[in-house]
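Scope of the values below: all heavy atoms of this structure, side chains included, with no hydrogens, waters or symmetry mates. Positions are given from 1, in the same order as the sequence printed here. Keep in mind it's a predicted model, so treat the numbers as computed, not measured.
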Amino acid sequence: MKRLLLFASLLMTMMSASAQKLIDGSLDRLVDARYVLVTWDFSETKFENSFMDEETWIYKSNSSLKEWDQDTKPEVLEAFVSKANRELSQSPITLTDEDMSHTTRFVMVIAPQRLHRNGNNQTLYLFRDMERNGEIFAVVKLSTMGGRIGSLTNLLSDGYKEAGELMGSFLRKKLNKIYRRR
């Protein structure tokens, strides 16, 4: 039984380590950042397993009167940001979903590539430098698992809570390496 638990633990560690990867650029610019604004971009999202058709998704995500904009988007984003900031608590950087354009030079764009109706997702995290006309200076790819039971909001929140933990840990480790090099 102990071997089985050890194997399962090792497998989960390997899966989470391979689930996050810096695929382009460098995070060196974030060294001097205090805040990073977090936003969404669903323009390249593919929906899997009858999530909902893309016209419905576009309608819901573009209409400020719909449940998606009022409840789901902010709740899922808050789940991501709070989990990431918990991991970043020992770091000088903080993620925020509040528009602080007067103090925020950097923006992290959450760009889901694939969303499954249970909240599983493959997402690109694009880091943009707003002082350089929104230039993308780093891209991180992350895959996480959603939930099993619940509403669309709950399932997506489960997936992005895990993503927040992984991204926060990933950023903390990368930034610590950069700080040590200085």
query: Which pair of non-hydrogen atoms, one from Ala138 and one from Leu27, has the smallest distance, and what is that distance?
result: CB-CD2, 3.6 Å

query: Could you give the distance from CZ (Phe106) to CE (Met130), rounded to the nearest 0.5 Å?
result: 11.0 Å

query: Quick one: OG1 on Thr104 to CG on Leu37, what's the gap to the nearest 0.5 Å?
result: 5.5 Å

message: Restricting to non-hydrogen atoms, name the atom on Glu87 and the atom on Glu165 that form the minimum distance, rounded to 0.1 Å.
response: CG-O, 3.4 Å

- line: Minimal heavy-atom distance between Lys21 and Phe170, with the atoms involved, is C-CZ, 4.3 Å

query: Roughly how far apart are Asp158 CG and Lys161 NZ, rounded to 0.5 Å?
result: 5.5 Å

query: Does CZ in Arg34 sit with more than 12 non-hydrogen atoms of other residues, nucleotides or ligands closer than 6.0 Å?
result: yes

Min side-chain heavy-atom separation Asn121-Tyr160 under 4.5 Å: yes

- prompt: Does the side chain to side chain donor-acceptor pair (under 3.5 Å) test come out yes or no for Thr94 and Asn85, once each step is laid out?
  reply: CA-CA 6 Å; Thr94 302; Asn85 283 336; 5.1 Å; no

- prompt: Do Trp40 and Thr45 have side-chain heavy atoms sitting under 4.5 Å apart?
  reply: no

message: I'd like to know if the side chain of Arg114 reaches the main chain of Thr123, judged simply by a donor and an acceptor atom lying under 3.5 Å from each other, with no hydrogens or angles considered.
response: no

task: Kindly indicate, with the supporting measurements, whether the criterion salt bridge (charged side-chain N to carboxylate O under 4.0 Å, His left out) is fulfilled by Lys83 and Glu78.
output: CA-CA 8 Å; Lys83 289 292 187 173; Glu78 174 59 31; over 6 Å; no

message: Check Asp28 with Arg181, please: is the shortest side-chain N to carboxylate O separation under 4.0 Å?
response: yes

- prompt: Hey, does the side chain of Asn154 reach the backbone of Ile149 with a donor-acceptor pair shorter than 3.5 angstrom?
  reply: yes

query: Do the side chains of Val140 and Ile23 get nearer than 4.5 Å, heavy atoms only?
result: no

message: side-chain contact (heavy atoms from CB on, under 4.5 Å) for Leu156 and Leu115? Distances and angles first, verdict last.
response: CA-CA 9 Å; Leu156 287 173; Leu115 279 180; 4.0 Å; yes

Distance-minimising heavy-atom pair for Ala111 and Leu126: CB-CD1, 4.3 Å

query: Hey, is the main chain of Gln113 close enough, under 3.5 Å, to the side chain of Gln122 for a donor-acceptor pair?
result: no

- prompt: Is Val107 close to Val36 at the side-chain level, that is, under 4.5 Å between some pair of heavy atoms?
  reply: no

field: Flag side-chain contact, heavy atom, 4.5 Å: Phe80 against Met108
entry: yes

field: Test item: Phe42 and Pro112 side chains (from C-beta on) under 4.5 Å apart, heavy atoms
entry: yes

Inter-residue atom distance Met145.CE - His116.NE2, 0.5 Å rounding: 9.0 Å

pair Tyr125-Val139: side-chain heavy atoms closer than 4.5 Å: no

query: Hey, what do you get for CG (Leu95) to CE (Met167), rounding to the nearest 0.5 Å?
result: 8.5 Å

- line: Between Arg172 and Leu88 the two heavy atoms that sit nearest each other are N-CD2, 3.8 Å

- prompt: Looking only at heavy atoms, what is the nearest atom pair of Leu175 and Ser91, with distance?
  reply: CD1-OG, 4.2 Å

- prompt: Can you hop from Leu77 to Phe127 via hydrophobic side chains spaced under 4.5 Å?
  reply: yes

- prompt: Is a side-chain N or O of Asn133 found less than 3.5 angstrom from the main chain of Glu135, in a donor-acceptor match?
  reply: no

statement: Output for pair (Leu171 CG, Leu166 CG), nearest 0.5 Å, gives 11.0 Å

message: Are Arg105 and Asp129 packed together at the side-chain level, in the sense that at least one heavy-atom pair is separated by less than 4.5 angstrom?
response: yes

